[in-house]
Amino acid sequence: MATIKDVALRAGVSVTTVSHVVNDTRHVSAKGRERVEEAIRELGYVPNAMARSLKSNTTSTLGMLIPNSSNPYFAEIVRIVEDRCFGAGYTLVLCNTDDEPHRQSVYLQVLAERRIDGLIVVSTGAGDDDSLVTQLHGLRIPTVLVDREIADPACDLVETAHMQGGLLAVRHLLSLGHKRIACIGGPVGVMPSEQRIEGWRMALAEGGAAPNADALLWRGGFTSQGGYEAMHAILRTEQAPSAVFVCNDLMAIGALRAAHESGVHVPDDLSIVGFDDIELSAYTSPPLTTVAQPKERIGALAVDMLLERVGGKRRDARKVVLQPELRVRASTARHASFREAAAPSAPSSSPSSSSASSSQENRKSRAP
């Protein structure tokens, strides 16, 4: 592999001159710059990024931790973040913690050793927030939390109003005449799930629909398999609900399959609402009604807020809570009692119309 000394020898200049061209730290004559750049191309020289970072104290690299790379919601957020980073001249190093606190801790240390300029974290949410806060304080890297809040006043935060999203979903079902509305939640202790479940409880209380709401609560672990198993369990109960609020779209997709396998028609027999509005939710059968998180704004704000801190434009932590929106599609419909009440009664036949009908039938019966 070519070194900076090889480039200097090929270009006929000093090593210092090559360094100034590569790092753009001092004026170099046009002819000198041209010789250096030509030598770099011919030799395939790649500057040592670590050495450059030691001199400038920056790497133009950001890190990001996510808890589950197989969840399309996080994949969509990552794409937005990566595009925003690239547009700002930064590269992104991505680590998947698989919702394991130990792996999260290891990756944080690895990213710190890479001398990243800033960090975006979606925490594991596995009840180990204290150690995460301690580690972040020790790393002293500007950090933005996304989606899952932890008790660290030094970190920026951008998230959706999850409880409000739960309210939107269940109020929609109540407006359609549903009273017995079950909920499939995510893992115990993960704050976005708990907040969405709280929104479900609040909406039921508003509508006077379920005095014992927790009897209608199942857990699906934020996976399609979990939603599938929870929906089968719900459909085996003696008094099945007429609607289900599912706390993310992956679980809702599993729930749709379970309903189909059980011969339950969505939305005629059962209405389902998801949460996240991942791209796949518009392509399920039927298309899924869901609570949309503003993913474009979440990803863009996370990067912009982080670069403000990296660039020294702001020192105080900032918290941004974005409002969700309901996307009504074909997986929800009026409760059967509403449909029956809305159906017009059959008009009584007048004597003349009955006579005409009878005459027409007689003509049909005489037809050859």
Side-chain angles (χ1 to χ4, degrees), residues 162-186 193 196-220 222 224 226-278 280-293 324-343:
H162 299 290
M163 187 172 68
Q164 181 63 28
L167 280 167
L168 284 174
V170 182
R171 283 172 177 168
H172 168 65
L173 293 170
L174 289 167
S175 73
L176 296 174
H178 296 281
K179 297 294 184 183
R180 189 169 177 80
I181 303 169
C183 177
I184 301 177
S193 173
R196 294 168 196 179
I197 291 170
E198 187 59 28
W200 164 73
R201 288 195 184 99
M202 289 177 63
L204 290 182
E206 286 178 1
N212 186 19
D214 283 351
L216 293 170
L217 175 62
W218 278 259
R219 297 280 181 172
F222 276 163
S224 52
Y228 171 82
E229 293 172 358
M231 180 58 80
H232 269 303
I234 288 171
L235 296 176
R236 287 194 298 266
T237 58
E238 290 184 8
Q239 190 178 358
S242 64
V244 183
F245 166 50
V246 190
C247 286
N248 84 341
D249 287 348
L250 265 188
M251 293 193 297
I253 289 170
L256 283 170
R257 178 183 169 185
H260 175 74
E261 288 181 356
S262 302
V264 174
H265 295 102
V266 177
D268 295 335
D269 302 328
L270 180 72
S271 287
I272 296 177
V273 180
F275 201 110
D276 285 339
D277 193 28
I278 62 175
L280 288 173
S281 65
Y283 297 94
T284 57
S285 182
L288 183 66
T289 295
T290 186
V291 176
Q293 297 206 60
E325 295 181 3
L326 184 69
R327 298 274 190 272
V328 178
R329 299 193 180 106
S331 67
T332 52
R334 286 175 176 267
H335 186 268
S337 61
F338 265 40
R339 293 196 294 269
E340 290 165 5

Quiz prompt | Shortest non-hydrogen contact between Ile253 and Leu280, atoms and distance | solution = CD1-CB, 4.4 Å

Quiz item: Does the side chain of Phe245 come within less than 4.5 Å of Leu204's, by heavy atoms?
Solution: no

Exercise. Check the surroundings of atom CD in Glu325: do more than 12 heavy atoms from other residues, nucleotides or ligands lie under 6.0 Å from it?
Key: no

Exercise. Decide yes or no for Thr289 and His172: does some side-chain heavy atom of the first lie under 4.5 Å from some side-chain heavy atom of the second?
Key: yes

Quiz item: Is there a side-chain contact between Val273 and Val244, using heavy atoms and a 4.5 Å cut-off?
Solution: no

Exercise. Inspect the contact between Arg329 and Asp277 and indicate whether a charged nitrogen and a carboxylate oxygen are less than 4.0 angstrom apart.
Key: yes

Quiz item: Do side-chain atoms of Ser262 reach the backbone of Ala259 as a donor and acceptor pair under 3.5 angstrom?
Solution: no

Practice problem: Please report the shortest heavy-atom distance between Ala252 and Val246, naming the atom on each side. | Solution: N-CG1, 3.4 Å

Quiz item: How are the rings of His162 and Phe275 set relative to one another: parallel (under 30°), tilted (30 to 60°) or perpendicular (over 60°)?
Solution: tilted

Exercise. Measure the shortest side-chain to side-chain distance between Ile272 and Pro267 over non-hydrogen atoms and say whether it is less than 4.5 angstrom.
Key: no

Quiz item: Counting N and O atoms only, with roles assigned by atom type, does the side chain of Arg219 sit under 3.5 Å from a partner on the main chain of Gly186, one being a donor and the other an acceptor?
Solution: yes

Quiz item: Hey, are Asp249 and Thr290 close enough side-chain-wise for a donor-acceptor pair under 3.5 Å?
Solution: yes

Practice problem: Can you see which heavy atom on Pro241 is nearest to which on Arg180, and at what distance? | Solution: CB-O, 3.2 Å

Quiz item: Applying salt bridge (Lys or Arg N to Asp or Glu O under 4.0 Å), which residue pairs with at least one partner in residues 252-266 are found, sequence neighbours left out?
Solution: Arg257-Glu261

Self-check item: Side-chain heavy atoms of Trp200 within contact of Leu216, under 4.5 Å
Solution: yes

Exercise. Would you check if the side chain of Thr284 reaches a backbone N or O of Pro286 as a donor-acceptor pair within less than 3.5 Å?
Key: yes

Exercise. Look only at the side chain of His178 and the backbone of Ala333, and say whether a donor-acceptor pair between them is shorter than 3.5 Å.
Key: yes

Quiz item: Hey, are the side chains of Ile197 and Met163 touching, using non-hydrogen atoms and a 4.5 Å cut-off?
Solution: no

